[in-house]
Amino acid sequence: MNSPSKSAKGKGKTMSQDYDDLRPIITYRHILSQNLGVRDPLRVIALCDSDAFYAACERVRLALDPTVPIVVQQWESLIAVSYPARKYGISRMDKIKDAKKKCPNLVAVHVATYKEGEKEPGYWDNVDTRTHKVSLDLYRRESSKIINVFKQTLPNGEIEKASIDEAFIDLTRPVREKLLERYPHLATVPEDAPDGADSPLPPPPLINWDQLGVLIPLTPQDEVSAQDELSNVESGYSTTWHDVALSIGAELMAQVREEVSKQLGYTTSAGIARNKFLAKLCASYKKPNSQVIDRQSILRNDAIPYYLRPMPFQKIRFLGGKLGDALAKEYDVLIVGDLLTISLDEMQHKFGENALWVYELLRGIDRNEVKEKSTLFKSMLASKNLPKPITDPADGQHWIRVLAAELALRLKDAREEVPTLWPKTIVLHARKGYETSRSKQAAFPFTKNVTVDVIALAGNKLWKELMKDVTSINITSVQLAFTGIEAAETGQQMIHGFFKTRDAQHPPLKRPRSNSDDPLDKGVESETPNPPERQELSLTSFVCERCHSRIALGDVRAEWNEEQRASALAMLRQEHEDFHFAQDLAGASHPIKPRSSKPVSTRSREPEPKGITKFFSKK
DNA sequence: AAATACACA
DNA sequence: GGTGTGTATTT
């Protein structure tokens, strides 16, 4: 092979073997293989994040000029500071007062809040943490808009939303397409290739990086020469095909970011490298203390050692927490370079499971894939910290209702995109003072109209459970969450799941026999104990307009008053509507997924009050 | 089912 | 540094 690896490796003299995979030999087989995944030597990953995202969202919402200094405040503190505002020395640590002192013409926007009595979040005067609840909805919406632009611009790129303002993009496929388009001779193995498809590729072309972004320097010399716009060729560096791939990736990212800017008005920064970890790391190249934003950085493999070695490892994702602390303490060091002398054996001894992963990370290796997480959320949380702890249980109910209202709205919105979204469980967390928070959870029914009442009812029940063995109520934080959110599968399978959950905790739905065309519902029927008296029919049953059958409450409690019966009936009506909804879905679509192989669970549940009555259970 | 850890604006 | 979210792992 005529690879110039010697000169490149020479630069890392001390520990060259630590970075021995920076210039792998790339063959025709590599180029032509489609599914090499994380071992693809031409892998190109980008991390794109929005600059001062919350501040940018408010700036766009208010149609302000990008140069205005703007901050987003939450009560008296700041949660986002635009880059123009940072020029005044404002940081997120500042209180709003100090920020305004530093910049008198600062635009300060308080984050939207739910206010008691108001159905939707808004931007009110005189927000007060005692009466209002923060809403981050705008940012979630804008975030998903950005993701959509990514998808639309890069139909072949794999996209993983990493946080509200960040996404990883696997550019390997779109890059390969462009590469073959531009260098068609790579697509066919030459007749005279010594090892056929396993022969190395011919030498790559030189790259003009001018418009593609900031190149992370290869060496200290490179760092100064870069400022003079000297070409890399002169410093004895030789381009690799992976560099070419990176440069095409940079081209694509520049396009994507331009689209985001044009369509939505957000500036973004990006990092482009051979894996997720490095992409993320280099996205913030020189960002912390400078105002340089709206740009992308490119980390060539050969630049990895020089870039990584002086890096404080606790800044690396996943090493910011306890693990990073432990490493720092154990070896009394701070930067990546210091840890390179630790052998894998030794690390495994001290850190077990995590060792290999960390060992590789320090050497610029990261085998994690970019996995499309379908923007669909797995959980949805609404939470409220209470500066003045609550002591009255009624206040608990109040906040739960507020949180429930938010969840109801958010779920409704989410269902506009994916109508079958179904939170399987509901969880209530509560924290007392400085104690760690305690939680209770319960299954959440499949319901088409998830109303505030249904959520609040469930939340209140959990609240009671949580408070029952508590002597003094002084709650400082309340969190209500949906977890296990999934798109219910349509088709027979859904009907199946629908009934299964019913069976577990609801009385069976009453259906007329004439409608009983579904083999799944055998045995579901004919257990209405004693039909109510004629004159009471309207209080305990109703006739469905769709199937014209009379649906009755199964077990009417004598102690229920009229109001309770009405509620129970309303819920039964909803359940029945849900049944039709589920049936419509099943009928309207072809089964997409194969039947799950999960066995139908046969557990039985006894102590719970059944069905609707559980919502009325006292204590 | 409940608690803990980590990340990020 | 505090509040509000989210995910994944451990107990």
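Numbered from 1 within each chain, the chains take letters A, B, ... in sequence-line order.
- If you check B:dA7 for Watson-Crick or wobble pairing at under 3.5 angstrom, you find it paired to C:dT5.
- Under a 4.0 Å N-O distance rule, the pair A:R141/A:D137 qualifies as a salt bridge.
- A:S439 comes within 4.0 angstrom of sugar-phosphate atoms only, judged by non-hydrogen atoms across all strands, and of no base.
- Residue-level contact check: A:Y139 touches neither bases nor backbone, having no heavy atom under 4.0 Å from any strand.
- The distance between the ring centers of A:F444 and A:W422 does not fall below 6.0 angstrom.
- Between the CD1 atom of A:I79 and the C1' atom of C:dG4 there is a distance of 8 Å, rounded to whole Å.
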side-chain hydrogen bond (donor to acceptor under 3.5 Å, both in side chains) between A:K315 and A:S284, worked out: CA-CA 11 Å; A:K315 282 208 278 196; A:S284 50; over 6 Å; no
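- Contact check, A:N385 against C:dG4: a side-chain N or O comes under 4.0 Å of OP1 or OP2.
- Residue A:D94 contributes atom CG, which lies 14 Å from atom C1' of C:dG2 at whole-angstrom precision.
- Residue contacts for A:R317: at a heavy-atom cut-off of 4.0 Å it reaches the sugar-phosphate backbone alone, with no base atom in range.
- If you measure from atom NZ of A:K161 to atom P of B:dA9, you get 13 Å, rounded to the nearest angstrom.
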Under 4.0 Å protein heavy-atom contact, by nucleotide of nucleotides 5-11 of chain C - B base, S sugar-phosphate only: BSBS---
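- Residue A:R438 has no polar side-chain atom (N or O) positioned under 4.0 Å from OP1 or OP2 of B:dA2.
- Set against C:dG1, B:dA7, B:dA9, the side chain of A:Y54 has B:dA9 as its closest nucleotide.
- Using cut-offs of 30° and 60° on the angle between ring planes, the pair A:Y285 and A:Y307 is perpendicular.
- Residue A:L319 is classed as a sugar-phosphate contact, given heavy-atom separations below 4.0 Å to backbone atoms only.
- A salt bridge is absent between A:R431 and A:E435; no separation between the charged side-chain nitrogens and carboxylate oxygens falls under 4.0 Å.
- Taking the side chain of A:D165 as heavy atoms from C-beta on, and the options B:dT4, B:dA9, C:dG4, the nearest nucleotide is B:dA9.
- Listed candidates were B:dA3, B:dA9, C:dG2. Nearest to the side chain of A:Q74 is C:dG2.
- Going from atom NE2 of A:H110 over to atom C1' of C:dG4 covers 12 Å, rounded to whole Å.
- When rounded to the nearest whole Å, the span between CD of A:E142 and C1' of B:dA9 equals 15 Å.
- Ion pairing of A:E259 with A:K262 is present here, as a side-chain N (NZ or NE/NH1/NH2) and a carboxylate O approach within less than 4.0 Å.
- Between A:I426 atom CD1 and B:dA2 atom P there is a gap of 13 Å when expressed in whole angstrom units.
- A:T436 comes within 4.0 angstrom of sugar-phosphate atoms only, judged by non-hydrogen atoms across all strands, and of no base.
- Atom CG of A:L462 and atom P of B:dA2 are 8 Å apart (whole Å).
- Of all nucleotides listed (B:dA3, B:dA2, B:dA9), B:dA2 comes nearest to the side chain of A:K440.
- Open room surrounds CG on A:D332; 12 or fewer heavy atoms of other groups in view lie less than 6.0 Å from it.
- Ring geometry for A:Y331 against A:F351 counts as tilted: the plane angle lies between 30° and 60°, on a 0 to 90° scale.
- Going from atom CD of A:E166 over to atom P of B:dA9 covers 6 Å, rounded to whole Å.
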